[in-house]
Amino acid sequence: MASTTHIAALAEQPQERPMGGAPHAALGFEAAYDAYGLMVYRLAMVYLGSRADAEDVTQEAFIRLLGRAPAFTSGEHEKRWLLRVTVNLCRDQLKGFWHKRAVELEPGLPAQDPESLGLAEAIVALPEQYKGPIHLHYCEGYSVAEIGEILHLGQSAVKMRLMRGRELLRKEMEG
């Protein structure tokens with residue numbers, strides 16, 4: 001996963017804070033990294049399928065948490081913001097010049113347990129529009145409404161993507 005030494009060094013540097021110096025992070029930077037780091041990394045892996053790219057996106061998401069985050073009302077608000085930033089960074093990465101010409105050197109995906117490895121690989125193989133909703137719903141436990149907020153989609157669009165994604169997964173797992 002992303003190196004915490006670089007991120008920790010940035011966390012120790014004094015940061016300019018708006019309006020009275022209150023920190024942006026609801027949980028504090030280290031607690032937020034401990035609580036959400038693996039989740040952000042897994043989401044990036046689902047979108048990108050590359051460990052190195054997922055580590056880069058994870059690091060960039062937490063750097064943005066340090067420098068650009070709004071004032072959070074709760075840990076859940078912070079978590080959703082990190083997921084949104086991660087999705088945007090992944091989309092930017094997929095549009096980039098280098099991603100189109102990159103070759104994966106080491107296969108393998110992180111899975112919480114060995115049984116979910118096959119499912120994780122099947123999710124990574126889905127078209128981009130289905131990866132996020134499927135992962136957020138089944139792996140992270142978000143509702144349709146919450147996924148719509150995170151991905152800036154209507155609930156009907158989320159439901160349709162979940163339905164179509166499940167159908168593609170079913171075909172993949174059967175065949």
Side-chain angles (χ1 to χ4, degrees), residues 1-99 102 108-112 116 120 123-124 128-155 157-158 161:
M1 193 147 112
S3 170
T4 57
T5 55
H6 179 66
I7 294 173
L10 286 173
E12 292 173 5
Q13 294 176 357
Q15 299 289 318
E16 291 183 22
R17 302 291 183 193
M19 298 196 170
H24 292 302
L27 300 177
F29 180 80
E30 288 183 28
Y33 187 82
D34 291 341
Y36 310 131
L38 186 58
M39 176 192 61
V40 167
Y41 177 71
R42 282 194 312 253
L43 181 61
M45 277 295 295
V46 165
Y47 270 93
L48 302 172
S50 163
R51 288 180 182 191
D53 290 343
E55 288 172 355
D56 289 346
V57 164
T58 301
Q59 181 172 333
E60 182 61 29
F62 281 96
I63 288 172
R64 289 189 182 187
L65 177 66
L66 271 174
R68 299 184 192 176
F72 297 113
T73 57
S74 67
E76 184 62 28
H77 181 210
E78 182 176 40
K79 181 178 177 182
R80 288 183 185 184
W81 184 87
L82 273 168
L83 290 172
R84 182 72 219 151
V85 167
T86 303
V87 168
N88 288 340
L89 288 168
C90 289
R91 287 180 177 164
D92 290 347
Q93 183 90 1
L94 290 170
K95 288 185 234 174
F97 172 80
W98 290 110
H99 182 76
L109 296 170
Q112 291 178 341
S116 66
I123 292 172
V124 169
E128 180 186 343
Q129 63 190 12
Y130 305 123
K131 290 178 183 183
I134 292 286
H135 178 77
L136 290 172
H137 186 68
Y138 293 106
C139 299
E140 302 299 336
Y142 281 97
S143 70
V144 170
E146 293 170 328
I147 294 169
E149 289 176 22
I150 292 168
L151 299 179
H152 296 290
L153 296 170
Q155 288 187 22
V158 172
R161 289 180 185 193

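Quantities reported herein were computed from a predicted structural model and do not represent experimental measurements. Start at 1 with the first residue, then count along the sequence.
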Has the side chain of Arg161 got a donor or acceptor atom that lies under 3.5 Å from a matching backbone atom of Tyr130?
->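 Not a single qualifying donor-acceptor pair exists.
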
Can you name the closest pair of heavy atoms from [X] and [Y] and give their distance?
| X | Y | result |
| --- | --- | --- |
| Glu78 | Ala32 | OE2-CB, 3.7 Å |
| Ala44 | Val57 | CB-CG1, 4.0 Å |
| Lys131 | Val124 | CE-O, 3.0 Å |
| Ala145 | Gln155 | CB-NE2, 3.5 Å |
| Thr86 | Ala61 | OG1-CB, 3.9 Å |
| Ala71 | His77 | O-CE1, 3.8 Å |

Should Leu43 and Tyr36 be marked as a side chain to side chain contact (heavy atoms under 4.5 Å, CB included) after you check the CA-CA gap, both sets of side-chain angles, and the distance that decides it?
-> CA-CA 11 Å; Leu43 181 61; Tyr36 310 131; over 6 Å; no

State the CZ-CZ distance between Arg80 and Arg84, to the nearest 0.5 angstrom.
->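 Going from CZ on Arg80 over to CZ on Arg84, the span is 13.0 Å.
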
Pairwise distance CG(Leu94) to CG(Leu89) - rounded to 0.5 angstrom |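 Result: 11.0 Å between the selected atoms.
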
Side chain proximity check, [X] to [Y], heavy atoms < 4.5 angstrom:
| X | Y | result |
| --- | --- | --- |
| Tyr138 | Ile123 | no |
| Val158 | His137 | no |
| Leu153 | Ile147 | no |
| Arg42 | Val46 | no |
| Glu60 | Arg64 | yes |
| Leu66 | Tyr33 | no |
| Tyr47 | His135 | no |
| Glu149 | Tyr142 | no |

Could Glu55 and Arg51 be called an ion pair, given the rule that one side-chain N must be under 4.0 Å from one carboxylate O?
->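 Arg51 and Glu55: not salt-bridged.
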
Please say which of Leu136, Leu83, Asn88 ends up in a side chain to side chain contact (heavy atoms under 4.5 Å, CB included) with Leu151.
->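 Option passing the side chain to side chain contact (heavy atoms under 4.5 Å, CB included) with Leu151: Leu136.
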
